[in-house]
Engineer: 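Below are the structure tokens for one structure; questions will follow.
Sequence positions, counted from 1, serve as the residue numbers for this chain.
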Amino acid sequence: MDRHTIRIWRGSNPLQLSLRQFCLFAVFMQHVGKPLSRNTLKDLVWGAESPVAASIVDAEVMRLRRAIADKKGKQRLRSVRSVGYILDL
């Protein structure tokens with residue numbers, strides 16, 4: 001992950017992410033292995049005063065999940081029931 005060029009790689013292959021997905025990924029990388037609620041993600045990525053709905057957070061997480069899945073489809077970003085999402089490396 002390179003914050004200066006706003007890029008992440010899987011091995012030697014760069015992944016195509018939107019700026020919002022990159023910001024979301026950066027938050028997950030700062031909290032690897034810790035579950036994050038939708039509200040926490042909203043506050044950290046969109047801002048505490050943002051009127052973004054939980055469904056928008058869910059949609060962006062789903063897009064990020066697809067983008068960072070490995071070639072075999074293994075998900076690194078998973079849902080934690082009644083909590084939110086967690087990034088496992």
Engineer: May I ask you to check whether Ser79 and Arg65 show a side-chain donor-acceptor distance below 3.5 Å?
Structural biologist: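 There is such a pair (donor and acceptor under 3.5 Å, judged by atom type) between the side chains of Ser79 and Arg65.
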Engineer: Looking at CD of Gln30 and CG of Leu36, how far apart are the two atoms once the value is rounded to the nearest 0.5 Å?
Structural biologist: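 Those atoms lie 9.5 Å apart.
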Engineer: Only one of Met29, Arg63, Glu60 forms a side-chain contact (heavy atoms from CB on, under 4.5 Å) with Leu24, so which one is it?
Structural biologist: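 Testing each of Met29, Arg63, Glu60 against Leu24, the sole residue satisfying side-chain contact (heavy atoms from CB on, under 4.5 Å) is Glu60.
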Engineer: Between Leu64 and Phe28, is the side chain to side chain contact (heavy atoms under 4.5 Å, CB included) condition met? List the steps.
Structural biologist: CA-CA 11 Å; Leu64 178 60; Phe28 280 114; 4.2 Å; yes
Engineer: Roughly how far apart are Ile68 CD1 and Leu87 CG, rounded to 0.5 Å?
Structural biologist: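 Interatomic distance, Ile68 CD1 to Leu87 CG, rounded to 0.5 Å: 5.5 Å.
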Engineer: Applying the 4.5 Å side-chain criterion to the ILVMFWY set and letting contacts propagate, would Val61 and Val32 be lumped into a single cluster?
Structural biologist: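 Looking at the clustering, Val32 is in the same group as Val61.
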Engineer: Are Phe22 and Leu15 connected into the same hydrophobic cluster when the rule is that any two of I, L, V, M, F, W, Y join if their side-chain heavy atoms are below 4.5 Å apart?
Structural biologist: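 Cluster IDs for Leu15 and Phe22 match.
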Engineer: Indicate if Met62 and Leu17 have the same hydrophobic cluster label, given that clusters are the connected sets of ILVMFWY residues with side-chain heavy-atom separations under 4.5 angstrom.
Structural biologist: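 Not linked; separate clusters.
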Engineer: Dump the intermediate steps for side chain to side chain contact (heavy atoms under 4.5 Å, CB included) on Leu77 and Arg66, then the final yes or no.
Structural biologist: CA-CA 9 Å; Leu77 184 55; Arg66 281 193 298 257; over 6 Å; no
Engineer: Would you find a donor on one side and an acceptor on the other, under 3.5 Å apart, between the side chain of Lys42 and the backbone of Ala48?
Structural biologist: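 Side chain of Lys42 to backbone of Ala48, a donor-acceptor pair under 3.5 Å: yes, one is there.
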Engineer: Just how far is it from atom CG of Asp58 to atom OH of Tyr85, taken to the nearest 0.5 Å?
Structural biologist: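 Interatomic distance, Asp58 CG to Tyr85 OH, rounded to 0.5 Å: 3.5 Å.
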Engineer: With rounding to the nearest 0.5 angstrom, report the CZ to CD1 distance, Arg20 to Ile56.
Structural biologist: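 Between Arg20 CZ and Ile56 CD1, I get 10.0 Å after rounding to 0.5 Å.
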Engineer: Once rounded to the nearest 0.5 Å, what's the spacing between atom OG of Ser37 and atom CG of Asp43?
Structural biologist: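 Spacing of OG (Ser37) from CG (Asp43) equals 7.5 Å.
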